[in-house]
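First listed ligand is number 1; within each ligand, the first listed atom is number 1. This structure is a prediction, so every number in the text was calculated from the model and none was measured.
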Amino acid sequence: MNKHEELAVGRRLIGHIDGRTTDLAADLFRNRVAAYSCPARAKLERERLFRERPIFMGLSTRLPKPGDYLAEDVAGMPVLLVRGGDGAVRAFANICRHRGAPVAQGCGNARAFVCPYHGWTYDEAGRLLGTTDKVGFAGVDLATHGLVRLPAVERHGLLFVRPKPVGPDESPSIDIDADLGALMPDLVALKLDTHPLHSTDRVNPRINWKFAVDTFLEGYHIPHLHRKTIAPYFIGNVGTFDSAGLHGRMCVARTSIDTVRPLPEAERNYRPHVIAIYQLFPNTILIWQVDHIEVWRAFPGRNDASHCEVELAIYKPHDTDKPDAYWEKNRDIAIRTVLEEDFPLGERMQIGFESGATEEVIYGRNEPSLVHFHSSIRCALGVAA
Ligand code: FES
Ligand SMILES: [Fe+2]
């Protein structure tokens, strides 16, 4: 957020605290529990939300140097993201054109990718450089057997991939400015490209992927579920919400916000007291945690509505003089709150949904981010419920 926006959000939060109010959705929203448990719905989401749209892959600092790469499965598509010698980031299906083995694993730096199965070799632009048995594969045209290209973009320190092969007449680029719309200026102001990666953690909770996102979209539960962890630091059930197309931004106040009150409006610095939670549709939560960036990405299970994979990434400022132990402490708080409080409860809720005893859940008007998220899903899927 820029200064002007920070002041505006700070003012809205103080107004809500004083008036015992919060930003409200237009109406209550009822969602079918089947949205969290039905295999047909899960399949539709994988096809429409995780194939057709740009998916956030992390900050640019995950691939700082030429040759840096990152391989991960995005809702069933093995993706290889590489920074080439020309500095450009490209994405490929991580599938060898011989018999389909992944040509790279995890992350690292490489001049070429040598398939572990029979040694076919590809360069950083996905070109097949050579096979290992010239006689056996005589007649295979190297030029048409490169890795399958996926659309990708790097913009303002953000990396996105659309996990669907580029069509014959299609550009391998993505217009992410248009997609993120009003959210982009906010994200640019965060200078995301100056935040190197500190840590990543991956877990596989037994919850639908949307639960993992829902967890971050309301502050209503903080005083209850997080009584013993983060509740003393936040003002529960008070927040602002602004939508940007399918995406959104929710801001919540730390209890320390009261310290700005003695200052005149124009001199107030709300920045240390406001947490901005950006929802990058469909599956990413990027949190501006005042002195660092915390990113959660949730991916649906491959064939299962009841499982997901969640990655937590912590990015710290490049010019910090704080020791690693400080960032570890932040990582630990995030893990204790989300992985030990939110997700275990979510697993119980998932069981309840699958029991068939109830048909719907209700998102309150005081949970506008949740209402927007689930409305956006329906809109992107083209379904009424
Ligand atoms: S599957 Fe890659 S070389 Fe055989
Ligand atoms: Fe929570």
Taking the six-membered ring for Trp, are F113 and F92 closer than 6.0 Å centroid to centroid?
no
Within 4.0 Å of some non-hydrogen atom of W120, the atoms of ligand 1 are 3 (S)
Three-point angle H221:NE2, the Fe ion (ligand 2), H226:NE2, rounded to the nearest 10°
100°
Could you see if Y278 belongs to whatever hydrophobic cluster contains L312? Use Ile, Leu, Val, Met, Phe, Trp, Tyr and a side-chain cutoff under 4.5 Å.
no
Go through ligand 1 atom by atom and flag the ones less than 4.0 Å from a non-hydrogen atom of Y117.
1 (S), 4 (Fe)
Would you mind listing which atoms of ligand 1 come within a distance below 4.0 Å of any non-hydrogen atom of H118?
1 (S), 3 (S), 4 (Fe)
Backbone or side-chain N/O/S of D342 under 2.8 Å of the Fe ion (ligand 2):
yes
Test salt bridge (charged side-chain N to carboxylate O under 4.0 Å, His left out) on E311 and R202; report intermediate values, then the result.
CA-CA 4 Å; E311 184 198 73; R202 277 188 175 246; 3.4 Å; yes
Kindly confirm whether atom 2 (Fe) of ligand 1 is within less than 2.8 Å of some N/O/S atom in H98?
no
So, C96 and atom 2 (Fe) of ligand 1: N/O/S under 2.8 Å, yes or no?
yes
Go through ligand 1 atom by atom and flag the ones less than 4.0 Å from a non-hydrogen atom of G119.
3 (S)
If you apply the rule side chain to side chain donor-acceptor pair (under 3.5 Å), what do you find for Y326 with D321, and how did you get there?
CA-CA 10 Å; Y326 175 84; D321 51 10; over 6 Å; no
I need the atoms of ligand 1 closer than 4.0 Å to a non-hydrogen atom of C115, numbered in the order shown.
1 (S), 2 (Fe), 3 (S)
List the steps, then state whether side chain to side chain donor-acceptor pair (under 3.5 Å) holds for N330 with H198.
CA-CA 11 Å; N330 279 286; H198 168 70; over 6 Å; no
